[in-house]
*Asks:* 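Here it is, the structure in full.
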Amino acid sequence: MPELPEVETIVRDLARMLPGARIDRVEVLRPDLIEEEPADAFARALEGREIGSVTRRAKNIVIDLAGDGLLLVNLGMTGRLMVTDPADEPPLHTGVRMHLRDGRELRYHDVRRFGRLWRSTREAWEKWEGELGVEPLSDGFTVAHLRDLAARSRVEVKTWLMDQRRVVGVGNIYASEALFRARIDPRKPADALTDAELGRLRKGVQDVLREAIDFRGTTFLDYRDASGERGEFALRLKVYDREGQPCTVCGDPVRRIVQAGRATFFCPCCQPRGRARKAAAPRKKPRPKG
DNA sequence: AACGCGCCCTGTCCGC
DNA sequence: TGCGGACAGGGCGCGT
């Protein structure tokens with residue numbers, strides 16, 4: 001489910017709710033969600049720990065255990081991490097229940113179980129996250145950096161943008177949305193992007209992520225924030241899941257293609273191929289019917 | 001080294 | 001109404 005805006009929304013909520021809480025007892029209902037074996041060792045190791053800070057790196061939730069290492073959570077496609085009342089009957093697909101000393105429960109729920117929870121030392125984590133790409137909302141996300149990355153890859157830009165070793169946090173929804181805003185054909189090879197296009201891409205990525213955070217994320221299927229609420233950004237999507245519907249800018253039908261096995265949505269009129277952007281940028285054009 | 005692909009899993013929807 | 005197949009927001013490991 002979750003791309004950067006959804007994870008960021010959850011993290012901001014948890015960062016208000018969790019610091020200072022102590023983990024009393026951990027129940028692992030779905031051991032395959034836990035990296036560590038046996039999962040029981042993972043559960044016992046968390047018991048008694050105090051939660052320090054909650055932060056985000058890429059699409060990972062980083063829970064600092066106040067000097068006792070880190071608890072990391074990747075939500076995969078359908079993961080949810082939320083604070084609940086333990087009296088609430090855990091629904092089917094509840095994977096981990098962390099009972100807090102103050103009476104609340106930190107609950108992990110995941111229908112498809114693509115998500116993972118694991119422990120790490122700060123040193124091991126820093127080494128691991130060093131392999132990840134640049135944070136798109138950080139100062140390091142510059143046109144110069146994008147140019148360096150793009151010059152070394154002939155992969156189609158949409159696929160390129162989703163690779164977490166280059167730029168983190170952009171998944172299948174926001175990749176299509178960012179390229180629409182940047183007016184770049186998603187099939188264009190990364191190393192064919194001009195500086196002007198990279199500049200628009202940088203802005204497109206940042207704008208769409210910031211706006212989605214403002215709306216607490218996009219709820220497509222399963223996403224819920226840390227309180228179990230839906231995000232509100234879905235209505236603001238311009239191309240994602242809008243195949244055949246009119247482009248909000250030019251009225252032409254939105255197209256769906258498949259790249260690297262994932263659906264891509266774009267407007268062939270507003271995101272023209274090649275450098276065929278001779279005249280002014282595509283604007284509303286009267287469209288002939290038929 | 002870089003890249004494409006299949007796969008992990010369950011639920012939903014669509015066409016027949 | 002039922003059933004098979006396609007597809008769903010991520011990421012890893014494999015083979016080329």
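Hydrogens, waters and symmetry mates play no part in the numbers below; they use all other heavy atoms, side chains included. Throughout, a chain's letter reflects where its sequence line sits, starting with A, and its residues are numbered from 1.
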*Asks:* Check A:Asp191, A:Asp195, A:Thr194, A:Thr142 against A:Arg147 for a side chain to side chain donor-acceptor pair (under 3.5 Å) and give me the one that passes.
*Replies:* A:Asp195

*Asks:* How far, in whole Å, is B:dG6 from C:dA6 if one measures between their P atoms?
*Replies:*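 Each nucleotide's P atom is 13 Å from the other's.
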
*Asks:* Determine the stems involving DNA chain B; a stem requires 3 or more consecutive pairs of the Watson-Crick or G-U wobble kind, each with both distances below 3.5 Å, and the answer is none if no such run exists.
*Replies:*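 Consecutive-pair runs (3 or more) involving DNA chain B: B:2-8 with C:10-16, B:10-16 with C:2-8.
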
*Asks:* In whole angstrom, give the distance that lies between atom CG of A:Leu132 and atom C1' of C:dC12.
*Replies:* 13 Å

*Asks:* Does a side-chain N or O from A:Arg262 land closer than 4.0 Å to OP1 or OP2 of C:dA6, or not?
*Replies:* no

*Asks:* Between A:Arg113 (CZ) and C:dG11 (P), how many Å, whole number?
*Replies:* 18 Å

*Asks:* Between A:Arg119 and A:Glu36, is there a side-chain N and carboxylate O pair less than 4.0 Å apart?
*Replies:*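 Here A:Arg119 pairs with A:Glu36 in a salt bridge, since their nearest N and O are under 4.0 Å apart.
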
*Asks:* Salt bridge or not between A:Arg181 and A:Asp207? Use side-chain N to carboxylate O under 4.0 Å.
*Replies:*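 Salt bridge: no.
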
*Asks:* What is the separation between atom CG on A:Leu33 and atom C1' on C:dG11, rounded to the nearest whole Å?
*Replies:* 15 Å

*Asks:* Among C:dG11, B:dG4, C:dC7, which nucleotide has an atom closest to any side-chain atom of A:Gln164?
*Replies:*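 Comparing C:dG11, B:dG4, C:dC7 against the side chain of A:Gln164, the answer is C:dG11.
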
*Asks:* Assign A:Gly261 to base, sugar-phosphate, or nothing according to its heavy-atom contacts below 4.0 angstrom with the strands shown.
*Replies:*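 Nothing: the residue A:Gly261, judged by heavy atoms under 4.0 Å, touches no strand.
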
*Asks:* Find the distance A:Asn172:CG to C:dC7:P and express it as a whole number of Å.
*Replies:* 13 Å

*Asks:* To the nearest angstrom, how far is A:Glu35 atom CD from B:dC8 atom P?
*Replies:*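 Result: 17 Å.
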
*Asks:* Do we count A:Phe114 as stacking onto B:dC8 if the rule is ring centres under 5.5 Å and planes under 30°?
*Replies:*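 A:Phe114 ring centre within cut-off of B:dC8 base, planes near parallel; stacks.
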
*Asks:* What is the separation between atom CZ on A:Arg116 and atom P on B:dC8, rounded to the nearest whole Å?
*Replies:*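 It is 12 Å, rounded to the nearest whole Å.
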
*Asks:* Assign A:Asn74 to base, sugar-phosphate, or nothing according to its heavy-atom contacts below 4.0 angstrom with the strands shown.
*Replies:*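 Sugar-phosphate contact only.
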
*Asks:* Between B:dT10, C:dG10, B:dC3, which nucleotide has the shortest distance from any of its atoms to the side chain of A:Val111?
*Replies:* B:dT10

*Asks:* Between C:dG10, C:dC12, C:dA8, spot the one nearest the side chain of A:Tyr240, thanks.
*Replies:* C:dA8

*Asks:* Less than 4.0 angstrom from a charged side-chain N to a carboxylate O is my criterion; do A:Lys127 and A:Glu123 meet it?
*Replies:* no

*Asks:* Have a look at A:Arg256 and say if it touches a base, only the backbone sugar-phosphate, or nothing, with a 4.0 Å heavy-atom cut-off.
*Replies:* sugar-phosphate

*Asks:* Do you know the tightest heavy-atom contact between A:Val155 and A:Arg166?
*Replies:*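 Between these two residues, the closest heavy atoms are CG2-NH2, 4.4 Å.
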
*Asks:* Do A:Lys59 and A:Glu6 sit within salt-bridge range, that is, some charged N less than 4.0 Å from a carboxylate O?
*Replies:*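 So A:Lys59 does not pair with A:Glu6 through a salt bridge.
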
*Asks:* Given the P atoms of B:dC7 and C:dG5, what is the spacing between them in whole Å?
*Replies:* 15 Å

*Asks:* Please determine whether a side-chain nitrogen of the Lys or Arg among A:Glu135 and A:Arg56 lies less than 4.0 Å from a carboxylate oxygen of the Asp or Glu.
*Replies:* yes

*Asks:* Would you mind reading off the distance between A:Ile173 atom CD1 and C:dG10 atom C1', rounded to a whole angstrom?
*Replies:*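 Interatomic distance, CD1 of A:Ile173 to C1' of C:dG10: 12 Å.
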
*Asks:* Please determine if a side-chain N or O atom of A:Arg166 lies less than 4.0 Å away from the OP1 or OP2 oxygen of B:dA2.
*Replies:* no

*Asks:* Counting distance alone, no hydrogens or angles: does the base of B:dG11 have a donor or acceptor under 3.5 Å from a partner atom on the side chain of A:Arg112?
*Replies:* no

*Asks:* If the P atom of C:dT1 is compared with that of B:dG11, how far apart are they to the nearest Å?
*Replies:* 22 Å

*Asks:* Rounded to the nearest 0.5 Å, what separates atom CG in A:Asp24 from atom CZ in A:Arg104?
*Replies:*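 Rounded to the nearest 0.5 Å, the CG-CZ separation comes out at 12.5 Å.
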
*Asks:* Nearest whole angstrom, please: distance from the P of B:dC9 to the CG of A:Leu75.
*Replies:* 19 Å

*Asks:* From the list C:dC7, C:dG10, B:dT10, which nucleotide is the closest neighbour of the side chain of A:His93?
*Replies:* B:dT10

*Asks:* Please determine whether a side-chain nitrogen or oxygen atom of A:Thr78 lies at a distance below 4.0 Å from atom OP1 or OP2 of B:dG11.
*Replies:* no

